[in-house]
Asker: 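Take this structure first; my questions come after.
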Amino acid sequence: MEISSIILLIVFCTGASVIQRVSGFGFGIFIMTMLPHIMPSYGEATTLSGILSALQSLYVLTTVYRLIDWRRVIPILLTFIVVSYFAVQYVSVAADVHLKHLLGVVLILMSCYFLLISEKIHLRPTLPVQISMGTLSGLMGGLFAMQGPPAVLYFVASETDKERYLASTQVYFFIGNSIMTLYRTQSGFLTPTVGYGCLYAFVGVIVGTQIGKLLFNKMSTVILRKVIYAYMAVAGVIALLA
């Protein structure tokens, strides 16, 4: 990797880790606006994003794992594991240009959704909701390394305590990303470039997570998220035009 790419990777990974630690999700959304443009292939970009997200979630879990309610996690996680397999298989045969343009569309749609209507939607933590959100999360995770939004809708509804919400989301992202890494390895996306990228970017994971921990109880997540969503829309347009 070139020096400029390494610097970009560390900076964006730091920012993604801050976002994930403060709001409970957003690592993949943020870092995937950059990774497809510096990695050799789209599949390698999703693989690196997934590994880094798993490491960041594991780092957070070391302090909150005792608060996990497995009854609320397992149904949506099992659905995700099944659906994401087929999504990753599609990535292995689809053209990179097509996937990048599709990513741009998804970024724009998600930014509009979060800015305009997300606060108006309230889900009940029922089994049909778990399966539905797990399916959407599996598709978005396998295709774009962005499984967070559907899962967060469910966990926000099922967990009223902020610490328990953080524990549930992080164990979901850790296990889900770990399993998708196995799927992507099977498809040939785990390359030496991905390995070197992990080594460089882990610096950003540690620094960003520590910053996010300090900001967790101080920063306005409402303002932070609106800035992120606006950035997503811009990145989506750039991806469409690239």
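The model shown is predicted, which means the values in this text are computed figures rather than measured ones.
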Asker: Do Gln147 and Ser84 have side chains that get closer than 4.5 Å, going by heavy atoms?
Answerer: no
Asker: Could you tell me whether a side-chain N or O of Thr62 sits under 3.5 Å from a main-chain N or O of Tyr59, the two making a donor and an acceptor?
Answerer: yes
Asker: Do Ile10 and Val207 touch side chain to side chain, with heavy atoms closer than 4.5 Å?
Answerer: no
Asker: If Ile, Leu, Val, Met, Phe, Trp and Tyr residues are connected whenever their side-chain heavy atoms lie under 4.5 Å apart, and connections chain through other members, are Ile179 and Tyr85 in the same group?
Answerer: yes
Asker: Output the distance between atom OG1 (Thr185) and atom CD1 (Ile51), rounded to the nearest 0.5 Å.
Answerer: 6.5 Å
Asker: Counting only heavy atoms not in Ile3, do more than 12 fall under 6.0 Å of its CD1?
Answerer: no
Asker: Among residues at least two apart in sequence or on other chains, which ones pass salt bridge (charged side-chain N to carboxylate O under 4.0 Å, His left out) with Arg72?
Answerer: Asp69, Glu159
Asker: What's the shortest heavy-atom distance between Ala145 and Met32, and which atoms?
Answerer: CB-CG, 4.0 Å
Asker: Search all heavy atoms of Tyr172 against all heavy atoms of Ser137 and return the closest pair with its distance.
Answerer: OH-OG, 2.8 Å
Asker: Quick check on the hydrophobic clustering: are Val194 and Leu182 connected, directly or via other members, by side-chain heavy-atom contacts under 4.5 Å?
Answerer: no
Asker: If you compare all heavy atoms of Leu48 against all heavy atoms of Met39, which two are closest, and at what distance to 0.1 Å?
Answerer: CD2-SD, 3.8 Å
Asker: Under the salt bridge (charged side-chain N to carboxylate O under 4.0 Å, His left out) test, which residues partner Arg66, sequence neighbours left out?
Answerer: none
Asker: Find out if a path of hydrophobic residues (ILVMFWY) with successive side-chain heavy-atom gaps under 4.5 Å connects Ile19 to Val64.
Answerer: yes
Asker: Can you tell me how far OG1 of Thr63 sits from NZ of Lys213, rounded to the nearest 0.5 angstrom?
Answerer: 6.0 Å
Asker: Show your reasoning for whether side-chain contact (heavy atoms from CB on, under 4.5 Å) applies to Thr47 and Thr191.
Answerer: CA-CA 9 Å; Thr47 304; Thr191 63; over 6 Å; no
Asker: Does the side chain of Trp70 come within less than 4.5 Å of Val171's, by heavy atoms?
Answerer: yes
Asker: Any side-chain donor paired with an acceptor under 3.5 Å for Ser41 and Glu44?
Answerer: yes
Asker: With the side chain counted from C-beta on, respond yes when Ser92 and Phe189 share a heavy-atom pair under 4.5 Å apart, and no when they do not.
Answerer: yes
Asker: Between Ala201 and Leu9, what is the shortest heavy-atom contact and its length?
Answerer: CB-CG, 3.7 Å
Asker: Which is it for Val91 and Arg184 under the side-chain contact (heavy atoms from CB on, under 4.5 Å) test, yes or no, and what are the steps along the way?
Answerer: CA-CA 9 Å; Val91 171; Arg184 289 163 178 152; over 6 Å; no
Asker: Can you measure from CZ (Phe173) to CG (Leu58) and round to the nearest 0.5 angstrom?
Answerer: 14.5 Å
Asker: List the atom pairs, with distances to 0.1 Å, where a side-chain N or O of residues 73-82 and a protein N or O form a donor-acceptor pair under 3.5 Å, not counting sequence neighbours.
Answerer:
| from | atom 1 | to | atom 2 | distance (Å) |
| --- | --- | --- | --- | --- |
| Thr79 | OG1 | Pro75 | O | 3.0 |

Asker: Are Ile131 and Leu139 connected in the hydrophobic side-chain network, where two residues link if heavy atoms are under 4.5 Å apart?
Answerer: no
Asker: Any idea which heavy atoms bring Glu163 and Leu67 closest together, and the distance?
Answerer: CB-CD1, 3.6 Å
Asker: Does the pair Phe155 and Tyr165 meet the rule for a ring pair (Phe, Tyr, Trp, His ring centres under 6.0 Å), with working shown?
Answerer: CA-CA 6 Å; Phe155 286 117; Tyr165 159 78; 7.4 Å; no
Asker: What is the minimum heavy-atom distance between Ile31 and Ser49, and which atoms define it?
Answerer: CG2-OG, 3.5 Å
Asker: Quick one: do Val83 and Phe174 end up in the same hydrophobic cluster if we chain Ile, Leu, Val, Met, Phe, Trp and Tyr together by side-chain heavy atoms under 4.5 Å apart?
Answerer: no
Asker: Give a yes or no on whether the backbone of Ala95 and the side-chain of Tyr42 come within a donor-acceptor separation of less than 3.5 Å.
Answerer: no
Asker: Do Phe27 and Leu52 make a side-chain contact, defined as non-hydrogen atoms from C-beta onward lying under 4.5 Å apart?
Answerer: yes
Asker: Evaluate side-chain contact (heavy atoms from CB on, under 4.5 Å) for Gln210 paired with Arg21, printing each intermediate quantity in order.
Answerer: CA-CA 8 Å; Gln210 289 301 314; Arg21 183 62 180 84; over 6 Å; no
Asker: One pair to check against side-chain contact (heavy atoms from CB on, under 4.5 Å): Val60 and Gln56. What are the steps and the verdict?
Answerer: CA-CA 6 Å; Val60 176; Gln56 199 274 342; 3.7 Å; yes
Asker: Nearest 0.5 Å, what's the OH-SG distance between Tyr200 and Cys13?
Answerer: 14.0 Å
